[in-house]
Amino acid sequence: MKRAVIIGAGPAGLTAAYELLKRSDEYEVLILEESQEIGGISRTVRYHGNRMDIGGHRFFSKDDRVTAWWDKIMPRQGKPSYDDRVLGRKVLLKKGGPDPEKEDRVMLTRNRVSRIYYQKKFFEYPISGKIIFQLDFITLMKAGFSYLASVVHKKPEDSLENFYINSFGRKLYSMFFEGYTEKLWGRHPSQISADWGAQRTKGLSIIGILKDMVSKMLPGKKDKHKVQTSLIEEFNYPKYGPGQLWETAADEIVKMGGEIRKGCRVTRVQTEGNRVTGLEYQSDGQACTVEGDVFFSSMPLKDLVAGMPEVPEKEAKIAAGLPYRDFVTVGLLVDKLNLKNETELKTLSNIVPDCWIYVQDVGVKLGRIQIFNNWSPYMVQDPEHTVWIGLEYFCDEGDKYWKLSQEKWVKLGVHELIKMGVISDEKQVLDSHRERVKKAYPAYFDTYAEIDQLIGYLNQFENLYCVGRNGQHRYNNMDHSMATSFEAVDNLLSGKSGKENVWSVNTEKEYHEVKSQEEK
């Protein structure tokens, strides 16, 4: 029997393992995972009866193959969840689906609400036509004239800054994109490739926003051309967070005969000609070696290439220069939030209904706030009397923020929430926890512009497949990461030698959470 060795037990690695075991009896599958956790940055952390996501992950994709895969691992709810039942909210139920009040292996249907919090006001995210009614007259005029100026004098889209200015005008760019982007990446948007913005703004522009608003006001009139819509209004979500789904998938892999070794950090890649022959890894301080016939890597490209022998100088330099942004999330259990729920959505204790709140104000380092109660009531031990939130910060491994103690991180988070008016006093904080994540965000600057040359080099190794967010150094969402593994396994089992389809996932301008009217 042939052996498939997979680096990483995140979405890409687990998907590859599951697909291989499910679709072929030719391979034994071994997963090497550096940490002691399952799910990568899609894991869920348990702390004192509460659960927190690392970054938050909505389960929605326009890729039907991905959606079917999720449904197989964790079926959608057939009865109302706790908060839906208490509040009398109507929710889409699957006939014969599990009851989340009685069963754990269940996917919930949740309302999608994510907004921007800017100068103590909420704005829709992504920006919609409603912004016209939310800005004061002077700001609206400035935004309008600055957009007209950008139409007359289009900038070359050779940076993220110019891309945003061309799409929204300088005024809205300075309000909603410039400061937040610099928080996220640690670089000014003028230093970042426009590639990232082309996908993450979901094809929106001022004109697109206005067309969308008009089309909603006139539902009987449809544009003959393709019309972009805002993000989905509902999404699926595992009862106990995304980590639950990936832990369940890992259990299924083991049942099918796969092996998962935790605490195994891959350090070297052994090659012979145009094939990878084995891996060296560290486990409990011991150096180990494993041989294989095919290899799937979801480890960072920088680290993969650094462990390969005789890499040409140019390709080695490109890999070494690939940048990442690291991540810290601070969980705070509070008795209440000062933010008022002025929406029509009912929530437990009438908290604001947002899953994420994007913090655009540059006066605080805080980037986003997650409200775990709204992702799933089962994430919180007492969802009717406490609010469990995650404060998301972006930094670089080794910088002064990364090195802060948990106590100082909590103090910073509490101070910024008070400054923003989200809470009133540190006495409202009942419990706290901090998590740090290395290489959470592959960045689109420095040597990224030359990555195609590196990809060409790696593709020479016929039995090596690079998959997932870090495996391809691409800002993939979970469904994108899974799709790279689907394509890689397809190629392996069909004997296809080219890998263009594996690398082409998530390179289109449209985002996977967006569907055109033609697709609905």
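Residue numbers run from 1 in the order of the sequence given.
- Using modelled atom types, one finds no donor on one side chain facing an acceptor on the other under 3.5 Å when comparing E487 with W503.
- W402 places none of its side-chain heavy atoms less than 4.5 Å from the side chain of D396.
- In this structure, R436 forms no cation-pi arrangement with F327, as its terminal cationic atom is not both closer than 6.0 Å to the ring centre and no more than 45° off the ring axis.
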Margin query: Please evaluate residues Y18 and W69 with respect to the criterion ring pair (Phe, Tyr, Trp, His ring centres under 6.0 Å), reporting the C-alpha separation (whole Å), side-chain torsions for both, the decisive distance (0.1 Å), and the verdict.
Written below: CA-CA 10 Å; Y18 185 94; W69 200 94; 5.1 Å; yes
* Where do L458 and M308 land on the side chain to side chain contact (heavy atoms under 4.5 Å, CB included) test, with the steps shown first? -> CA-CA 10 Å; L458 291 170; M308 299 179 77; 3.8 Å; yes
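- Counting only N and O atoms by type, the side chains of W388 and D431 include no donor and acceptor under 3.5 Å apart.
- Judged by the 6.0 Å distance and 45° axis criteria, K438 is not positioned over the aromatic ring of Y324.
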**Request:** Would you sort out whether E252 and K255 count as a salt bridge (charged side-chain N to carboxylate O under 4.0 Å, His left out), showing the intermediate values?
**Result:** CA-CA 5 Å; E252 293 296 315; K255 288 178 184 177; 3.6 Å; yes
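- A donor-acceptor pair is defined here as one N or O able to donate and one able to accept, closer than 3.5 Å; no such pair exists between the side chain of H48 and the backbone of Q381.
- Taking the side chain as every heavy atom from C-beta outward, K239 and E103 never approach each other to under 4.5 Å.
- Taking both residues in full, the closest heavy atoms of G390 and F372 are given as N-CE1, 3.4 Å, listed atom of the first, atom of the second, then distance.
- Between L345 and V113, some side-chain heavy-atom pair lies under the 4.5 Å cut-off.
- F445 has its side chain out of reach of S193: every pair of non-hydrogen atoms, C-beta onward, lies at least 4.5 Å apart.
- Side-chain contact between I369 and L391 is present, with heavy atoms from C-beta onward closer than 4.5 Å.
- Under the 3.5 Å distance criterion, the side-chain polar atoms of K183 are matched with a main-chain donor or acceptor of L366.
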So R65 and D490, salt bridge (charged side-chain N to carboxylate O under 4.0 Å, His left out) or not? Walk me through it. CA-CA 13 Å; R65 192 174 180 182; D490 286 347; 2.8 Å; yes
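- Using a 4.5 Å heavy-atom cutoff, the side chains of S485 and F296 are not in contact.
- Remark: N463 CG to N274 CG distance equals 8.0 Å, nearest 0.5 Å.
- Checked by atom type and distance alone, the side chain of T386 pairs as donor or acceptor with a backbone atom of D382 at under 3.5 Å.
- Counting only N and O atoms by type, the side chains of Y378 and R51 include no donor and acceptor under 3.5 Å apart.
- Closest heavy-atom contact between G55 and Q370: C-NE2, 3.6 Å.
- Within 6.0 Å of CZ on R115 lie more than 12 heavy atoms contributed by other residues, nucleotides or ligands.
- By the 6.0 Å contact criterion, NZ on K79 is open, its count of non-hydrogen atoms from other residues, nucleotides or ligands being 12 or less.
- The side-chain contact (heavy atoms from CB on, under 4.5 Å) test with P377 is passed by exactly one of D83, V86, T347: D83.
- With hydrogens and angles left out, the side-chain atoms of D354 and S114 include no donor and acceptor closer than 3.5 Å.
- Between Y237 and W375, the ring planes are tilted. Angles from 30° to 60° get that label.
- A donor-acceptor contact shorter than 3.5 Å is absent between the side chain of R275 and the backbone of E272.
- M478 contributes atom CE, which lies 5.0 Å from atom OG of S42 (distance to the nearest 0.5 angstrom).
- A donor-acceptor contact shorter than 3.5 Å links the side chain of D99 to the backbone of E101.
- Interatomic distance, CD1 of I6 versus CD of E259, reported as 12.0 Å (0.5 Å rounding).
- A salt bridge links E28 with R3: the closest approach of a Lys/Arg side-chain nitrogen to an acidic carboxylate oxygen falls below 4.0 angstrom.
- No salt bridge links E37 with R46; every basic N to acidic carboxylate O contact stays at or beyond 4.0 Å.
- For D326 (side chain) and E397 (main-chain N/O), a donor-acceptor pair under 3.5 Å exists by modelled atom type.
- A distance-only check finds no donor-acceptor pair linking the side chain of N111 to the backbone of E234 [under 3.5 Å].
- Taking the side chain as every heavy atom from C-beta outward, R261 and C264 approach each other to under 4.5 Å.
- Once rounded to the nearest 0.5 Å, the distance linking SG of C395 with CG of L404 reads 8.5 Å.
- Geometrically, R58 engages F235 in a cation-pi contact, judged by NZ or CZ lying under 6.0 Å from the ring centre and within 45° of the ring axis.
- In this pair, Y358 and Y180 present their aromatic rings perpendicular. The plane angle is above 60°, beyond the 30 to 60° band.
- For the pair R469 and Y475, the cation sits on the ring face: its NZ or CZ lies under 6.0 Å from the ring centre, inside 45° of the axis.
- Under the rule for a side-chain contact (heavy atoms from CB on, under 4.5 Å), the partners of S405 that lie at least two apart in sequence or sit in another chain are E407, K408.
- For the atom pair L14 CG and I38 CD1, the distance stands at 6.0 Å (nearest 0.5 Å).
- Side-chain atoms of N491 come within 3.5 Å of backbone N or O of G498 as a donor-acceptor pair.
- D251 and T248 form no side-chain donor-acceptor contact under 3.5 Å, judged by distance and modelled atom types alone.
- The closest side-chain heavy-atom distance from L454 to L322 is below 4.5 Å.
- In this structure, OG1 in T44 is found 8.0 Å from CD1 in I54, a value given to the nearest 0.5 Å.
- At distances below 3.5 Å, not a single donor-acceptor pair connects side-chain atoms of E33 with backbone N or O atoms of I7.
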Test log, rule side chain to side chain contact (heavy atoms under 4.5 Å, CB included), inputs D303 and K439:
CA-CA 11 Å; D303 298 337; K439 295 182 172 66; 3.7 Å; yes
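- In this structure, H473 contributes its side chain and A443 its backbone to a donor-acceptor pair below 3.5 Å.
- Geometrically, R325 does not engage F394 in a cation-pi contact, judged by NZ or CZ lying under 6.0 Å from the ring centre and within 45° of the ring axis.
- Listed by first then second residue, pairs satisfying side chain to side chain donor-acceptor pair (under 3.5 Å) with a partner in residues 285-295 number zero, not counting sequence neighbours.
- Residues Y393 and W409 place their aromatic rings such that the two centres sit under 6.0 Å apart.
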If you look only at distance, which donor and acceptor atoms sit under 3.5 Å apart when one is on a side chain in residues 314-321 and the other is two or more places apart or in another chain?
from: K314; atom 1: NZ; to: E450; atom 2: OE1; distance (Å): 2.5
from: E315; atom 1: OE2; to: Q453; atom 2: NE2; distance (Å): 3.2

